[in-house]
Amino acid sequence: MDENIIEIKNLKYNYDAEDEANSIKALKGIDLNIKKGEFIAILGHNGCGKSTLAKLINAQMIPSEGDIIVNGLNTKDEKNIWEIRKTCGMVFQNPDNQLVATIVEEDVAFGPENLGVPMPELRERVDNALKTVDMYEYKMHSPALLSGGQKQRIAIAGILAMNPDCILLDEPTAMLDPNGRSEIVRTIKKLNEEGKTIIHITHFMEEAVLADRVFVMNDGLVELEGTAKEVFSKVEKMKKLGLDVPQVTELAFKLNQSGFNIDNEVLTVNELVDEVWK
Ligand SMILES: Nc1ncnc2c1ncn2[C@@H]1O[C@H](COP(=O)(O)OP(=O)(O)OP(=O)(O)O)[C@@H](O)[C@H]1O
Ligand SMILES: [Mg+2]
């Protein structure tokens, strides 16, 4: 648990870097480490650089400055790219853009097949991945007929079948209805409990609350970092960064402002009730 799976040092990234005058400085100097088995949430308003960071971790782009080390491998070194993508698989926002086959099990097999996983093992990996996301009984279905949450679970199964240590999810619930969202959140929690490192980029505060540590980004930098309690208790700072905090935390904050001596570090109704009783 103490080993870092991801180390980011002085990471900068500019889009259109060949034309310095017009280049967009998307990331301006990020330092962070993520330990094996951690559940990380990344928050931040639109355009602050979350997806840029995710693509850099996944070695889809390389840093303009600084380094990203995934499981000991630098993303700058081209020969590491496939090992890095295998170690840290990525799930995107739109499930429709991630499904490639016309039958669920073929879709899940696509990644490991490309990695050259041979037959009895391939079968086993696909079945296990589908069971993990509770979609095994749909293995012969057409992905096109599934709900958004089910499609997204198939996309997660496709990543799982490649045996990653880490799963990086870039707003995987943004296009889903509340049911689909809770399916994905449940799946992510389960994967973390089974030992996968999770990096969950989200706009939903109640999803970030589940993480061990939360990073809040703003304008290409990490502005806040800590447990969900520590981060959300900074209500004014969060608002300044264009973000909300969970309703319960906000209520505690307002009670505090009105002169009640209440701890701001509450995330659930029960915790608030305990505080009020004191
Ligand atoms: N392909 C690109 N070319 C040029 N600029 C880009 C490109 N992609 C992103 N940017 C810019 O980089 C900055 C960071 O964008 P990024 O997509 O990483 O933000 P984000 O935090 O993921 O936003 P969102 O919450 O909307 O998904 C923004 O200013 C954006 O306009
Ligand atoms: Mg994004």
Side-chain angles (χ1 to χ4, degrees), residues 6 8-32 34 39-68 70 75-76 81 84-85 88-98 148-149 151-152 155-156 159 166-177 180-181 184-185 188 198-211 213-226 228 231-232 234 237-246:
I6 290 168
I8 298 180
K9 294 170 203 157
N10 185 35
L11 172 64
K12 298 185 182 168
Y13 189 81
N14 310 327
Y15 287 101
D16 300 318
E18 68 281 356
D19 176 9
E20 183 62 32
N22 291 316
S23 95
I24 295 167
K25 295 184 171 46
L27 298 180
K28 300 177 178 175
I30 290 185
D31 290 275
L32 61 86
I34 296 174
F39 184 160
I40 299 291
I42 299 179
L43 294 170
H45 65 75
N46 296 106
C48 70
K50 304 180 297 299
S51 296
T52 303
L53 177 61
K55 286 175 197 155
L56 286 160
I57 293 173
N58 196 231
Q60 292 172 37
M61 312 191 295
I62 57 165
S64 306
E65 255 182 77
D67 293 285
I68 305 185
V70 179
T75 61
K76 272 182 183 163
I81 288 180
I84 286 170
R85 292 197 190 150
C88 194
M90 186 155 165
V91 177
F92 300 88
Q93 190 176 95
N94 187 343
D96 289 318
N97 292 348
Q98 298 172 78
K151 281 183 194 165
Q152 200 59 305
I156 294 174
I159 298 298
C166 170
I167 303 178
L168 175 55
L169 305 104
D170 190 358
E171 301 199 44
T173 62
M175 302 183 76
L176 306 180
D177 62 18
R181 268 169 54 200
I184 297 308
V185 169
I188 295 173
I198 301 289
I199 305 172
H200 181 37
I201 298 172
T202 182
H203 270 120
F204 296 102
M205 302 302 137
E206 62 276 23
E207 294 178 6
V209 163
L210 304 169
R213 271 199 302 155
V214 180
F215 295 118
V216 183
M217 291 181 62
N218 185 51
D219 196 19
L221 291 167
V222 173
E223 284 271 341
L224 276 177
E225 175 191 340
V231 164
F232 289 125
K234 300 195 170 79
K237 173 89 178 172
M238 289 294 279
K239 297 211 166 199
K240 218 180 271 169
L241 298 176
L243 298 169
D244 281 325
V245 300

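Note that the coordinates shown come from a computational prediction; the quantities given were computed from them, not determined experimentally. Both counts, for ligands and for their atoms, begin at 1 and track the order of listing.
For atom 25 (O) of ligand 1, the choice among Lys50, Gln93, Lys25 with the nearest heavy atom turns out to be Lys50. Among Cys48, Gly47, Gly44, the residue whose heavy atom sits closest to atom 29 (O) of ligand 1 is Gly47. Remark: among candidates Ser23, Gly49, Ala54, the nearest residue to atom 19 (O) of ligand 1 is Gly49, based on non-hydrogen atoms.
Within a 4.0 Å radius of atom 7 (C) of ligand 1, the protein has at least one heavy atom.
A side chain to side chain contact (heavy atoms under 4.5 Å, CB included) with Leu32 is found for one member of Ile40, Ile8, Ile68 and no other, namely Ile8.
Ligand-side atoms of ligand 1 in range of His203: 25 (O), range being under 4.0 angstrom from any heavy atom. When each atom of ligand 1 is checked for a heavy atom of Ala26 under 4.0 Å away, the hits are 12 (O), 13 (C). Each of the atoms 17 (O), 18 (O), 20 (P), 22 (O), 27 (O) of ligand 1 lies under 4.0 Å from some heavy atom of Ser51. Residue-ligand proximity, Glu171 to ligand 1, at heavy-atom distances under 4.0 Å covers atoms 25 (O), 27 (O).
The backbone N or O of Gln93 lies less than 3.5 Å from no partner atom in the side chain of Asp170, so there is not a single donor-acceptor pair. The backbone N or O of Pro172 sits less than 3.5 Å from a side-chain atom of Gln152, completing a donor-acceptor pair.
When all heavy atoms of Gly49 and Leu27 are compared, the pair lying nearest together is O-CD2, 3.6 Å. Residue Pro63 comes nearest to Leu11 through the heavy atom pair CB-CD1, 3.5 Å, listed as atom of the first residue, atom of the second, then distance.
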- For Glu207 and Ile184, what are the C-alpha separation, side-chain angles and deciding distance, and is it a side-chain contact (heavy atoms from CB on, under 4.5 Å)? CA-CA 10 Å; Glu207 294 178 6; Ile184 297 308; over 6 Å; no
- Message: Run the side-chain contact (heavy atoms from CB on, under 4.5 Å) test on Met238 and Asp244 for me, step by step, so that the C-alpha distance in whole Å, both residues' side-chain angles and the decisive distance to 0.1 Å come before the verdict.
- Response: CA-CA 6 Å; Met238 289 294 279; Asp244 281 325; over 6 Å; no
- Stepwise side-chain contact (heavy atoms from CB on, under 4.5 Å) check, Lys240 with Asn218: CA-CA 10 Å; Lys240 218 180 271 169; Asn218 185 51; over 6 Å; no
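Scanning the protein heavy atoms around atom 15 (O) of ligand 1, the nearest turns out to be Thr52 OG1, 3.8 Å. The protein heavy-atom contact nearest to atom 12 (O) of ligand 1 is Tyr15 CE1, 3.4 Å. Nearest protein heavy-atom contact of atom 26 (O) of ligand 1 is Asn46 ND2, 3.0 Å. Taking atom 31 (O) of ligand 1 as the reference point, the nearest protein heavy-atom neighbour is Ile24 CD1, 5.0 Å.
Using a non-hydrogen distance threshold of 4.0 Å, Met217 does not register as a contact of ligand 1.
Residue side and main chain included, Asn46 places no N/O/S atom under 2.8 Å of the Mg ion (ligand 2).
Salt bridge status for Glu206 with Arg181: present, with a side-chain N to carboxylate O gap under 4.0 Å.
Annotation: Asp16 places no N or O atom under 3.5 Å from an N or O atom of ligand 1; distance criterion only.
In this structure, Asn97 and Phe92 have side chains that are not in contact, with every pair of non-hydrogen atoms separated by 4.5 Å or more.
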